[in-house]
Amino acid sequence: MLVKTYGAAVQGIDAIQVTIEVASESGISFNMVGLPDTAVKESYQRVMSALSQSGIDFPRRRIVVNLSPADVRKEGAAYDLPIAIGILAASGKASAEMLGDYMIMGELSLDGSLLPIRGVLPMAILAQSLGFKGMIVPESNATEAAVVNNLCVHGAENLGQVLRFLSDPSAIPATVIDTRNEFARECEIFDYDFAEVKGQETVKRALEVACAGGHNILLVGPPGSGKSMMAKRLPSILPPLSLAEALETTKIHSVAGKLQRGQRLMTRRPFRAPHHTISPVALVGGGSNPMPGEISLAHNGILFLDEFPEFSRSVLEVMRQPLEDRHISIARARYAIDYPAGFMLVASMNPCPCGYYNHPTKPCECPPGAVRKYLNRISGPLLDRIDLQVEIMPVPFDDIASASAGESSADIRTRVTKARDIQSERFRNHPDIHCNAQMTSRLLTEYAPLSTECLAILRDTMTRLDMSARAYDRILKVARTIADLDASDTITPHHMREAISYRNLDRASWGATKDLPF
């Protein structure tokens with residue numbers, strides 16, 4: 001007897017259908033074909049034990065399992081459940097009547113219980129698009145899959161419960177989630193707030209500008225000046241995720257296995273802060289079993305790199321292409337995958353090895369040339385891709401003690417959201433452009449024209465500081481964002497001067513004091 005069950009394989013952040021064909025014939029043997037990896041081949045042992053612990057004898061028949069399409073490599077233990085159901089149905093020990101209506105995925109424990117799997121959300125989206133009535137998954141994955149509309153998701157605890165469901169659909173009630181209400185209720189909850197930050201008004205303004213235009217930003221300052229503290233609060237002033245962005249972000253984290261047990265939908269923009277010892281593969285993704293890297297996990301959110309110069313040169317340089325293209329293409333001998341990488345880069349660093357260059361009270365102890373050498377750990381092309389470079393100084397104790405609470409994140413977020421709304425309207429005919437930071441040179445010419453006075457200011461600055469053409473574009477983009485925050489149709493000299501002030505590391509005097517021989 002031949003029976004078909006249906007599952008899915010994850011490729012990148014999307015899923016493709018996998019048909020599990022099981023043929024049961026006279027004889028005693030077991031064969032599995034269809035390019036299974038070791039984990040899939042080992043499902044035979046897990047299925048045998050799970051059936052035994054569930055009180056079911058493994059069929060003493062010649063069984064052939066084919067995972068189609070045969071040229072796509074099948075990885076992981078998520079095929080345990082559809083293989084087990086297919087074997088029982090082909091042997092006449094389970095009902096096969098409803099198998100064509102449901103996509104089935106799940107890992108079996110030796111005692112027959114179902115363990116959570118990765119990538120359930122893209123699988124559920126695929127099942128809905130292919131017209132399946134529903135999906136059977138481990139109970140701990142049910143809420144994740146249930147965010148997909150018009151798909152009945154049934155979360156099972158063990159193999160026996162799935163077998164009962166195939167005979168009586170009422171055995172496992174469908175998991176129902178009101179996605180929009182859940183999303184609206186949780187998207188305004190944050191762990192940190194800018195109201196807790198005292199002082200640093202100039203830096204907070206720079207961070208507001210960065211969030212309003214989606215610009216990359218580098219914070220340079222001594223230890224204890226508040227770089228990491230303020231960076232952690234950036235998600236609280238970014239515009240809320242749209243439902244489409246939330247689904248895309250959740251898909252990436254689902255594939256990477258980063259969703260917490262029972263988590264439904266990511267309602268807040270991700271904030272990823274890898275350690276400076278991270279490898280290039282961990283940052284961009286890939287590996288023997290391809291997984292999204294940190295830049296993809298930060299998609300639609302923030303990638304925070306603390307101690308920026310301490311990252312290896314190879315790690316930093318692999319970010320250059322994703323920063324421009326907003327996606328990463330990974331090509332290996334066995335596969336080629338595209339991952340989204342539309343993140344906002346926020347980096348922080350000390351100004352020198354000792355950390356106290358330009359400190360108002362503590363002297364710098366670095367030898368001559370050390371400041372410039374320390375900055376040169378970051379390549380010029382990568383530094384040019386960072387729109388705002390802001391120097392930050394520690395707040396004096398008296399100011400900390402006397403300062404009142406700062407402006408709340410909610411108030412800042414309102415201004416940022418209004419600026420983003422202006423940009424959404426501006427780029428409504430450009431589907432791949434969402435904010436000012438993504439503007440091309442052609443769009444800059446159209447949407448950021450300069451008056452004679454602004455052009456003179458910019459020409460003088462570019463000449464004195466010997467800036468690159470890329471820095472020219474960055475200043476224009478930032479100036480356009482500052483104008484949007486003021487709801488101004490044109491860029492004024494005030495906007496231009498403020499944008500130029502955020503290129504601190506381009507000053508010829510920065511780092512030069514320690515380079516003098518006297």
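Index from 1, following the sequence.
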Donor-acceptor contact present, side-chain Glu144 to main-chain Leu121, <3.5 Å: yes
Qualifying salt bridge (charged side-chain N to carboxylate O under 4.0 Å, His left out) pairs, either residue in residues 202-229, two or more places apart: Glu201-Lys204, Arg205-Glu208, Arg205-Glu498, Glu208-Arg415
Atom CZ of Phe427 with >12 non-hydrogen neighbours under 6.0 angstrom: yes
Which atom of Gly342 lies closest to which atom of His299, heavy atoms considered: N-ND1, 2.8 Å
Side-chain H-bond candidate by donor/acceptor type, Thr492 with His494, under 3.5 Å: no
Distance (rounded to the nearest 0.5 Å) between Leu305 CG and Leu316 CG: 7.0 Å
Polar contact flag, side-chain donor to acceptor under 3.5 angstrom, Ser424-Asp421: no
Side-chain donor/acceptor of Ser488 to backbone N/O of Asp484, under 3.5 Å: no
Met123 and Met135, any side-chain heavy atoms less than 4.5 Å apart: yes
Stepwise side-chain contact (heavy atoms from CB on, under 4.5 Å) check, His215 with Lys477: CA-CA 9 Å; His215 302 289; Lys477 292 176 183 179; 3.8 Å; yes
Nearest atoms (heavy-atom pairs only) where Ala437 meets Gly214: CB-O, 3.1 Å
Side-chain touch Gln11/Ile337, heavy atoms, less than 4.5 angstrom: no
Donor-acceptor pair, side chain of His359 and main chain of Lys362, under 3.5 angstrom: yes
Rounded distance [0.5 Å steps], CG in Leu130 versus CD in Gln17: 5.0 Å
Test side-chain contact (heavy atoms from CB on, under 4.5 Å) applied to Val390 and Leu218, step by step: CA-CA 6 Å; Val390 182; Leu218 172 62; over 6 Å; no
Summary of salt bridge (charged side-chain N to carboxylate O under 4.0 Å, His left out) pairs that have at least one residue in residues 214-224, sequence neighbours excluded: none
Gln423 side chain vs Ala419 backbone, donor-acceptor pair below 3.5 Å: yes
Heavy-atom pair with the smallest gap, counting every atom of Ala471 and Arg503: CB-NH2, 3.8 Å
Euclidean distance, Ile252 CD1 relative to Leu247 CG, rounded to 0.5 Å: 11.5 Å
Nearest-0.5 Å distance that lies between atom CG in Leu207 and atom CD1 in Ile392: 8.0 Å
Gap separating the CG atom of Leu303 from the CG atom of Leu283, nearest 0.5 angstrom: 6.5 Å
Ile386 and Leu323: CA distance, side-chain angles, deciding distance, side-chain contact (heavy atoms from CB on, under 4.5 Å) verdict: CA-CA 9 Å; Ile386 299 176; Leu323 282 171; 5.8 Å; no
Side-chain donor/acceptor of Asn141 to backbone N/O of Ile117, under 3.5 Å: yes
Considering all heavy atoms, the nearest Ile457-Pro493 contact: CD1-CB, 3.8 Å
Side chain proximity check, Tyr374 to Tyr357, heavy atoms < 4.5 angstrom: no
Just list the side-chain donor-acceptor pairs under 3.5 Å for residues 230-241, sequence neighbours left out, or say none.
{"from": "Arg233", "atom 1": "NE", "to": "Asp193", "atom 2": "O", "distance (Å)": "3.0"}
{"from": "Arg233", "atom 1": "NE", "to": "Glu196", "atom 2": "OE1", "distance (Å)": "3.3"}
{"from": "Arg233", "atom 1": "NH1", "to": "Met229", "atom 2": "O", "distance (Å)": "2.8"}
{"from": "Arg233", "atom 1": "NH2", "to": "Glu196", "atom 2": "OE1", "distance (Å)": "2.6"}
{"from": "Ser236", "atom 1": "OG", "to": "Arg233", "atom 2": "O", "distance (Å)": "2.5"}
{"from": "Ser236", "atom 1": "OG", "to": "Ser409", "atom 2": "OG", "distance (Å)": "2.8"}

Arg474 (side chain) donor-acceptor with Asp384 (main chain) under 3.5 angstrom: yes
Main-chain N/O of Ala341 paired with Arg326 side-chain donor or acceptor, under 3.5 Å: no
Nearest heavy-atom neighbours spanning Pro431 and His434: O-CE1, 3.3 Å
Any Arg118 side-chain heavy atom under 4.5 Å of Lys258 side chain: no
Salt bridge (charged side-chain N to carboxylate O under 4.0 Å, His left out): pairs with one or both residues in residues 287-315, sequence neighbours excluded: Arg272-Glu294, Glu310-Arg377, Arg313-Glu317
Pairs flagged by salt bridge (charged side-chain N to carboxylate O under 4.0 Å, His left out) wherever residues 241-251 is involved - sequence neighbours left out: Asp14-Lys251, Glu245-Arg269
Closest non-hydrogen atom pair between Met349 and Pro309, with its separation: CB-CD, 3.4 Å
Whether over 12 other heavy atoms sit under 6.0 Å from Tyr472 OH: no
Side-chain heavy atoms of Ile475 within contact of Met496, under 4.5 Å: yes
Worked verdict on Tyr502 versus Gln389 for side-chain contact (heavy atoms from CB on, under 4.5 Å): CA-CA 5 Å; Tyr502 296 136; Gln389 306 157 359; over 6 Å; no
Side-chain donor or acceptor of Asn350 paired with backbone N/O of Gly355 under 3.5 Å: no
Minimum side-chain heavy-atom gap His495-Thr481 below 4.5 Å: no
Side-chain donor/acceptor of Ser296 to backbone N/O of Pro340, under 3.5 Å: yes
Residue pair Leu458 / Leu476, side-chain heavy-atom distance below 4.5 Å: yes
Spacing of CG belonging to Asp387 relative to CE belonging to Met344, to within rounding of 0.5 Å: 9.5 Å
Flag for Gln128-Asn149: side-chain donor and acceptor within less than 3.5 Å: no
Flag for Arg426-Asn436: side-chain donor and acceptor within less than 3.5 Å: yes
Ser254 side chain vs Thr250 backbone, donor-acceptor pair below 3.5 Å: no
Side-chain heavy atoms of Arg332 within contact of Ile330, under 4.5 Å: yes
Non-neighbouring partners of Phe308 that pass ring pair (Phe, Tyr, Trp, His ring centres under 6.0 Å), sequence neighbours left out: none
